[in-house]
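Keep in mind that what you see is a predicted model, and the values were worked out from it rather than measured.
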Amino acid sequence: MLLEIKNLAKNFGGVAAVKDVSLMVDKDQIVSIIGPNGAGKTTLFNLVSGVYRANAGEILFEGKNLVGRPQHEIARRGIARTFQNIRLFQGLTVLENVMTALDSISRYNILSAMMTLPSKRKTDRENRERALEALELVQLLEYRDEQPSNLPYGLQRRVELARAIVTAPKLLMLDEPAAGLNPSEVREFIERVARLKEKFHFGILIIEHRMQVVNELSERIYVVNFGNLLACGTPAEIQQNPEVIKAYIGEEASEC
């Protein structure tokens, strides 16, 4: 199993944001996490990527526990993510934004960087080529010298995706990647993610509110509500689950 979360818990003061949640993602598999706002979905992502440290439970990635590991080490092990709110570096070009993701896995030392030694120049050339390839995969190559702020919102989302895949991750985590996209952009996104999985065979974990994305891409769905795991199953099973219906539309409405 690529990623296995066991009985994960996270408290903020007296508030339990995540309570005893377990889930799994394997290589070449797309899994979605859904739930109402404030359910604890992004907290789960932050626990896996090392932004927060779990109070209890295990996060096993290729069998090794990630709890307490720093973010850069987690990235080096093969986990990449995007964010719910776009986080691009203003003042850097699209290409430079994508190249920043490679800093954590580059092998030159401080001396090489300060003196611009051949090893540093070689790494920079290699990183540039990798970033250009990632931009080509998301159809952004023509925008490589643009400032991200000059691009439409949908293209900025693609820059984030390119920055995530440039490190050749084993697990790709996407936090509401279709937020703010119009219907045609949503369709393009679904097709793009399917192509990327077919090409790289990485595991993909998605947080998403758009059920079109969830239902078309996911092999398995986990539903969280108030930090608890409410249900898990295939898209068809989740659509028919009465507890999930209650969580989304309320018990009275579901009985009408």
Side-chain angles (χ1 to χ4, degrees), residues 1-4 23-33 45 48-49 61-62 74-83 86-88 93-107 123 125-144 146 148 151-152 154-179 181 183-208 210 212-222 234-235:
M1 187 59 59
L2 183 62
L3 175 71
E4 187 172 5
L23 63 82
M24 295 184 293
V25 184
D26 211 351
K27 178 183 176 182
D28 207 18
Q29 182 183 41
I30 300 179
V31 172
S32 289
I33 303 173
F45 265 37
V48 174
S49 59
F61 185 68
E62 296 185 315
I74 291 172
R76 283 180 178 173
R77 290 191 181 204
I79 296 179
R81 68 170 294 184
T82 64
F83 292 86
I86 293 176
R87 298 185 182 183
L88 298 175
T93 65
V94 166
L95 177 60
E96 290 166 341
N97 263 275
V98 176
M99 289 177 66
T100 61
L102 296 167
D103 289 343
S104 66
I105 61 174
S106 296
R107 297 301 178 185
T123 299
R125 287 195 301 271
E126 292 173 348
N127 287 352
R128 177 183 171 83
E129 288 305 312
R130 289 178 65 174
L132 288 171
E133 290 172 5
L135 288 173
E136 186 172 16
L137 284 171
V138 299
Q139 298 175 299
L140 282 180
L141 197 56
E142 63 183 294
Y143 300 103
R144 59 186 178 275
E146 290 282 350
L151 300 182
L155 295 188
Q156 291 185 41
R157 282 284 184 194
R158 284 199 233 167
V159 177
E160 270 212 323
L161 180 58
R163 189 170 61 184
I165 66 173
V166 73
T167 58
K170 299 172 184 176
L171 175 67
L172 178 63
M173 303 198 307
L174 306 175
D175 193 347
E176 296 197 33
L181 302 185
S184 64
E185 289 172 331
V186 170
R187 169 48 50 197
E188 290 172 356
F189 168 77
I190 291 170
E191 294 171 355
R192 183 172 297 111
V193 170
R195 288 196 303 270
L196 289 172
K197 184 180 83 79
E198 186 69 22
K199 179 177 178 64
F200 295 109
H201 302 287
F202 40 40
I204 303 177
L205 185 60
I206 302 177
I207 294 172
E208 188 52 66
R210 296 210 187 198
Q212 177 189 1
V213 174
V214 172
N215 290 332
E216 291 195 33
L217 285 175
S218 307
E219 298 171 43
R220 194 161 187 81
I221 300 171
Y222 290 84
T234 65

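- Annotation: salt bridge (charged side-chain N to carboxylate O under 4.0 Å, His left out) contacts of Arg81 (sequence neighbours excluded): Asp175.
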For residues 198-207, dump all side-chain donor-acceptor pairs below 3.5 Å to protein atoms at least two apart in sequence or in another chain.
residue: His201; atom: ND1; partner: Asp28; partner atom: OD1; Å: 3.3
residue: His201; atom: ND1; partner: Asp28; partner atom: OD2; Å: 3.4
residue: His201; atom: NE2; partner: Glu198; partner atom: O; Å: 3.2

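- Annotation: side chain of Asn215 is in contact with side chain of Ile221 (closest heavy-atom distance under 4.5 Å).
- In this structure, Glu160 contributes its side chain and Leu88 its backbone to no donor-acceptor pair below 3.5 Å.
- Judged by distance alone, the side chain of Glu208 and the main-chain N or O of Ser32 form no donor-acceptor pair under 3.5 Å.
- A 4.5 Å side-chain heavy-atom check between Pro235 and Val214 finds every atom pair outside the cut-off.
- Residues Gln139 and Arg192 form a side-chain contact, since some pair of their non-hydrogen atoms from C-beta on lies under 4.5 Å apart.
- Between the CD1 atom in Ile30 and the CG atom in Leu196 there is a gap of 9.5 Å [rounded to 0.5 Å].
- In summary, Glu133 and Arg130 do not engage in a salt bridge, as defined by a charged side-chain N under 4.0 Å from a carboxylate O.
- Contact annotation: the side chain of Lys197 never approaches that of Leu217 to less than 4.5 Å [non-hydrogen atoms, C-beta and beyond].
- Of the inter-residue distances, the one linking Leu3 atom CG with Phe61 atom CZ reads 7.0 Å to the nearest 0.5 angstrom.
- Taking CD of Glu216 as the reference point, atom CZ of Arg210 lies at 12.0 Å (rounded to 0.5 Å).
- Qualifying salt bridge (charged side-chain N to carboxylate O under 4.0 Å, His left out) partners for Arg128, counting only residues two or more places apart in sequence or in other chains: none.
- Closest of all the heavy-atom pairs between Val94 and Leu151 is CG2-CD1, 3.7 Å.
- In terms of heavy atoms, Asn97 sits closest to Arg163 at O-CD, 3.1 Å.
- By the side chain to side chain contact (heavy atoms under 4.5 Å, CB included) test, Leu140 is found to be paired with Leu135, Val138, Tyr143, Leu155, Arg158, Val159, residues two or more places apart in sequence or in another chain being considered.
- How far NZ of Lys170 is from CD1 of Ile79: 9.5 Å, rounded to the nearest 0.5 Å.
- Here Glu146 pairs with nothing under the salt bridge (charged side-chain N to carboxylate O under 4.0 Å, His left out) rule; sequence neighbours left out.
- Here the closest non-hydrogen pair linking Leu95 and Ala131 is CD1-CB, 3.5 Å.
- Atom CD of Gln29 is separated from atom CE of Met24 by 8.5 Å, given to the nearest 0.5 angstrom.
- Scanning all heavy atoms of the two residues, the minimum distance from Arg187 to Gln212 falls at NH2-NE2, 3.3 Å.
- A pairwise comparison of heavy atoms in Ala80 and Ala164 identifies CB-O, 3.2 Å as the closest pair.
- In this structure the side chain of Pro177 never reaches within 4.5 angstrom of the side chain of Arg157, judged on heavy atoms.
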Derivation and outcome, side chain to side chain contact (heavy atoms under 4.5 Å, CB included), residues Leu161 and Leu137: CA-CA 10 Å; Leu161 180 58; Leu137 284 171; over 6 Å; no
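- With sequence neighbours excluded, no residue forms a side-chain hydrogen bond (donor to acceptor under 3.5 Å, both in side chains) with Thr82.
- Closest approach of Leu181 and Phe189 over heavy atoms only: CD1-CB, 4.2 Å.
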